[in-house]
**Student:** 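Sharing a structure below in structure tokens format, with a few things to ask.
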Number of protein chains: 4
Amino acid sequence: MDGRSRRREDTRQRLYEAAVELIAEQGFSATTVDDIALRAKVAKGTVYYNFKSKTDLFEELLRHGVGLLTAEFRAAVADLPPREAVRALIRAQLEFIKRYQAFAQLLLSEMWRTNREWQQTLVLLRAEAIGVIAETVQAGVDSGDLPADLDVRVASSALFGVGLVVAVDWLVFQPDRPIEDVEESLLAIVRRVA
Amino acid sequence: MDGRSRRREDTRQRLYEAAVELIAEQGFSATTVDDIALRAKVAKGTVYYNFKSKTDLFEELLRHGVGLLTAEFRAAVADLPPREAVRALIRAQLEFIKRYQAFAQLLLSEMWRTNREWQQTLVLLRAEAIGVIAETVQAGVDSGDLPADLDVRVASSALFGVGLVVAVDWLVFQPDRPIEDVEESLLAIVRRVA
Amino acid sequence: MDGRSRRREDTRQRLYEAAVELIAEQGFSATTVDDIALRAKVAKGTVYYNFKSKTDLFEELLRHGVGLLTAEFRAAVADLPPREAVRALIRAQLEFIKRYQAFAQLLLSEMWRTNREWQQTLVLLRAEAIGVIAETVQAGVDSGDLPADLDVRVASSALFGVGLVVAVDWLVFQPDRPIEDVEESLLAIVRRVA
Amino acid sequence: MDGRSRRREDTRQRLYEAAVELIAEQGFSATTVDDIALRAKVAKGTVYYNFKSKTDLFEELLRHGVGLLTAEFRAAVADLPPREAVRALIRAQLEFIKRYQAFAQLLLSEMWRTNREWQQTLVLLRAEAIGVIAETVQAGVDSGDLPADLDVRVASSALFGVGLVVAVDWLVFQPDRPIEDVEESLLAIVRRVA
DNA sequence: AATGAATGAGATTTCATTCAT
DNA sequence: AATGAATGAAATCTCATTCAT
């Protein structure tokens, strides 16, 4: 790597991981830079050597995480036919949430808040992720596979939210339940579009 | 004056209202006691005359709010037959969320966090509210109105979560959409149990 | 009683007692008006109905307590011959401290501090109490019963301080030891003037 | 840098010195952290960077100070014969008090209070310091240099208290009197054990 | 590239005092 | 004569940020 050394990139990664876990558990404001440095096993000054500010770290974190999710959404739909594509999106979301549990928890907690500094960032990122869903649903409506009266924006938004809340509820309150069960529940719930 | 004077009870009510709005927007930690006192139009000391701490105010707020919701759930089901009762619960939840929008937002943000001081309180309160749903669903399963293979706990939990996220999403991102639409979406989504 | 009703005088007495105990244990600043009201079983406002301020309550308390001590000193010496008079003073001090333990503790803690609001009051009261001792010692020197080279002021001051510290040490750290023992220790200690 | 950097250790020392003077004059509760920081010429936050709390600073201060006193006691007795050893202890106490006047004043004010957070700490520290005196007195009793009927614990306790109160009385009310006078008064007072 | 001591603005909390009843 | 809710100034404590090393 050039520009940013490998060592530095490693430090940033450790900071991301520490921050995402702590913010998932406690929220952004309740998580201190000391906490983050401690969990990442670096000195406090190192946080500021790598990020402009605590908020900056968090925004980069959001971008990083939602970027991953959107990429997986895109990969999931590939060229599948509409209904299968929707099912693939749900599966992808579930798998993402399972893998990045803390990030999902954090999204659920922050996504419907208003009046926070990173609000704008989050709204944009949300639009990106939901955009992929919307494209897929729209394709289904166009092809006649999904009901013509479906409000695409509303349905996509709901799909995303329902997936998030059901999956996180699962991870937090019934972690022993197998993922297939959860996927089934989700599919049952969203039958109309999947 | 019955135990607590009317004046005092009025002050507490004002503090609840101020706190719930601010915390919904910004979260618990980002909301200052100064903000709360200012919005409630009392002196800062008054907050501490009425509540042991900021956390205590928040916990009592949660108890107060979830208490109201649970009461409305109980009133809604009355003696209705199972499927109607479930529909009534959904309607009650929607109406509650519409009426106490800020409280709903706050619940959505805090309910799936772990590691916060009021976690235990919240888990208990959640169990109470979901309990009413579970009783209704169970009655439906027992009477044969709902599928026998339905996992009651899981379904009730999902019903609650989905209602919350869809309604808050509506209020935050599509406030102009009529409530009937939202109710319909919700019913469509949860067709299996309603 | 006229001017001040019996009820009011009773309330003031209860406040004195509550205050003296708490201040002995914790010191003046660490004792709150709430504490005092609670222990005296009156409402907080009542403290201010009876005393101008917390400091005022404390100063009146000091005056009241040292007044009692000085009176007992005067009663003790009566017309006794010098050395007996000194012994009588020591006994009187011990008995006073035993009876008003909390007050003695409080005196020991506050008497050698500087820079407190009531400093002046306390210095005056101390001078009064030590004055009685000094008169007695002076009489002994004059009559030849006590050594002519004795520095009266210094000796009286030491007599008072030593009595206070030994007696309070006894009450706090060896409360089971009989008072006669303590008296004996004290007499042994101050043999030169008694 | 050994464990704690030199800079940090210097800051802590400055904070000790500032705190001891202020607390001697005004007492613990009446001394603010602002006062301490101001006198130590550091920012308020620095106090909390170095000590968990105001109480923690005070407890460490007590430990530090009594540690010094105990060390000087041990150095003073060396291998002297009993009565000389007792005299050496008295001289050591006087010199310590003269040198660390503020600390002595503070001890006198806090040592016989009950119900303060640091009570336990102080009782332990007191036992340590008095322990050295008691060893010396015990040796004197064992060797026949001191009266066989002397209650060692009581005598040591009294010795310590009397030394403290007489020396502080001297520093506060008669600072011009030469130390030799004070030492002589003390020796006269405690003739039985010295 | 990283460190950790120090900072100071701003948060939470306390508490003597006031005041309407 | 007493009460207790309310106040606001001042206390304790926290924490994002800076900076010298």
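Here the structure is a predicted model, which means the values were calculated and not measured. A note on names: the letters A, B, ... follow the listed sequences, proteins ahead of strands, and every chain is numbered from 1.
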**Student:** Atom CG of B:Leu38 to atom P of F:dG8: distance rounded to whole Å?
**Tutor:**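 After rounding, the reported distance stands at 12 Å.
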**Student:** Between A:Ala30 and C:Val47, which is nearer to the 5' end of DNA chain F once each is assigned its nearest nucleotide?
**Tutor:**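 Per heavy-atom nearest nucleotide, the more 5' residue is C:Val47.
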**Student:** Whole Å only: how far is the NZ atom of A:Lys54 from the C1' atom of F:dT14?
**Tutor:**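 The answer, rounded to whole Å, is 11 Å.
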**Student:** Over how many whole Å does the gap from C:Leu57 atom CG to E:dT17 atom C1' extend?
**Tutor:**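 Taking CG of C:Leu57 and C1' of E:dT17, I get 14 Å after rounding.
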**Student:** Calculate the interatomic distance between A:Phe58 atom CZ and F:dA16 atom C1'; express it in whole Å.
**Tutor:**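 Answer to the nearest Å: 16 Å.
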**Student:** If you assign D:Lys41 and B:Lys52 each to the DNA chain E nucleotide with the nearest heavy atom, which residue ends up on the more 5' nucleotide?
**Tutor:**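 It is D:Lys41, whose closest nucleotide lies nearer the 5' terminus.
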**Student:** Figure out the CG/P separation between A:Leu15 and E:dA1, and round it to whole Å.
**Tutor:**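 After rounding, the reported distance stands at 14 Å.
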**Student:** Checking all strands, does B:Thr31 fall into the base, sugar-phosphate, or nothing category for heavy-atom contacts under 4.0 angstrom?
**Tutor:**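 Sugar-phosphate contact only - B:Thr31 comes under 4.0 Å of backbone atoms but never of a base.
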**Student:** Can you give me the N/O atom pairs linking the protein to nucleotides 8-10 of chain E at distances under 3.5 Å, or say none if there are none?
**Tutor:**
from: E:dG8; atom 1: N7; to: D:Gly45; atom 2: N; distance (Å): 3.4

**Student:** Can you run down the salt bridge (charged side-chain N to carboxylate O under 4.0 Å, His left out) pairs that involve residues 101-114 of chain A, sequence neighbours left out, and say none if there aren't any?
**Tutor:**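 Salt bridge (charged side-chain N to carboxylate O under 4.0 Å, His left out) check on residues 101-114 of chain A returns A:Glu110-A:Arg113, A:Glu110-B:Arg113, A:Arg113-B:Glu110.
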**Student:** Write down the distance between CZ (B:Arg6) and P (E:dT21), rounded to a whole number of angstrom.
**Tutor:**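 For the pair B:Arg6 CZ and E:dT21 P, the rounded distance is 14 Å.
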**Student:** Without decimals, in angstroms, what is the distance between C:Asp35 CG and E:dT14 P?
**Tutor:**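 To the nearest whole Å, that distance equals 12 Å.
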**Student:** Nearest to the side chain of B:Tyr48, which nucleotide is it out of E:dA2, F:dT12, E:dT13?
**Tutor:**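 Of E:dA2, F:dT12, E:dT13, E:dT13 is nearest to the side chain of B:Tyr48.
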**Student:** Taking only side-chain nitrogens and oxygens of B:Asn50, does any of them come within less than 4.0 Å of OP1 or OP2 of F:dA5?
**Tutor:**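 Indeed not, no polar side-chain atom of B:Asn50 lies that close.
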**Student:** With sequence neighbours left out, write down each residue that passes side-chain hydrogen bond (donor to acceptor under 3.5 Å, both in side chains) with B:Thr31, or none if nothing qualifies.
**Tutor:**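 So B:Thr31 forms a side-chain hydrogen bond (donor to acceptor under 3.5 Å, both in side chains) with B:Gln26.
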**Student:** Among F:dA1, F:dA16, E:dA2, find the nucleotide with the atom closest to the side chain of C:Tyr49.
**Tutor:**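 Between F:dA1, F:dA16, E:dA2, the one nearest the side chain of C:Tyr49 would be F:dA1.
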**Student:** Could you please name the option among F:dA6, E:dT12, E:dA5 that lies closest to any side-chain atom of B:Arg8?
**Tutor:**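 Selected nucleotide: F:dA6.
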**Student:** Is it the case that A:Arg63 places NZ or CZ above or below the six-membered ring of A:Phe58, under 6.0 angstrom from the centre and within 45 degrees of the axis?
**Tutor:**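 Not flagged: A:Arg63 not positioned over aromatic ring of A:Phe58.
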**Student:** Please report the distance, rounded to the nearest Å, between CG in A:Asp10 and C1' in E:dA1.
**Tutor:**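 It works out to 12 Å between those atoms.
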**Student:** I want to check something: taking the side chain as every heavy atom from C-beta on, are C:Tyr100 and C:Leu69 in contact at a cut-off of under 4.5 Å?
**Tutor:**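 C:Tyr100 vs C:Leu69: side chains apart.
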**Student:** Could A:Asp10 and A:Arg6 be called an ion pair, given the rule that one side-chain N must be under 4.0 Å from one carboxylate O?
**Tutor:**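 Salt bridge absent between A:Asp10 and A:Arg6.
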**Student:** As a test of reading the structure: which of F:dC13, E:dT17, F:dA6 is closest to the side chain of C:Ser53, going by heavy atoms?
**Tutor:**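 The closest nucleotide is E:dT17.
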**Student:** Within less than 4.0 Å of OP1 or OP2 of F:dA6, is there a side-chain N or O belonging to B:Thr11?
**Tutor:**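 For F:dA6, OP1 or OP2 has a side-chain N or O of B:Thr11 closer than 4.0 Å.
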**Student:** With sequence neighbours excluded, tell me which residues meet side-chain contact (heavy atoms from CB on, under 4.5 Å) with C:Arg39.
**Tutor:**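 Partners of C:Arg39 under the side-chain contact (heavy atoms from CB on, under 4.5 Å) test: C:Ala18, C:Glu21, C:Leu22, C:Glu25.
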**Student:** For B:Gln13, enumerate each residue passing the side-chain contact (heavy atoms from CB on, under 4.5 Å) test, keeping only those at least two apart in sequence or located in another chain.
**Tutor:**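 Here the qualifying residues are B:Tyr16, B:Glu17, B:His64.
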**Student:** Applying ring pair (Phe, Tyr, Trp, His ring centres under 6.0 Å), can you list everything that pairs with C:Tyr48, at least two apart in sequence or on another chain?
**Tutor:**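 Once residues adjacent in sequence are excluded, C:Tyr48 has no partner under the ring pair (Phe, Tyr, Trp, His ring centres under 6.0 Å) criterion.
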**Student:** Which nucleotide in the set E:dA16, F:dT17, E:dT13 lies at the smallest distance from any side-chain heavy atom of C:Val33?
**Tutor:**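 Of E:dA16, F:dT17, E:dT13, E:dA16 is nearest to the side chain of C:Val33.
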**Student:** Return the set of residues passing side-chain contact (heavy atoms from CB on, under 4.5 Å) with A:Ala19 (not counting sequence neighbours), or none when no residue passes.
**Tutor:**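 Testing A:Ala19 for side-chain contact (heavy atoms from CB on, under 4.5 Å), a comparison that skips the adjacent residues, returns A:Ile23, A:Ile36, A:Leu57, A:Leu61.
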**Student:** Treating a pair as Watson-Crick (purine N1 to pyrimidine N3 plus N6-O4 or O6-N4) or G-U wobble (N1-O2 and O6-N3) with both distances under 3.5 Å, list the stems of 3 or more consecutive pairs that involve DNA chain F.
**Tutor:**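 Listed by first number, the stems are E:2-21 with F:2-21.
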**Student:** List the residues meeting side-chain contact (heavy atoms from CB on, under 4.5 Å) with A:Asp56, not counting sequence neighbours, and say none if there are none.
**Tutor:**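 A:Asp56 satisfies side-chain contact (heavy atoms from CB on, under 4.5 Å) with A:Phe51, A:Lys52, A:Ser53, A:Glu60 only.
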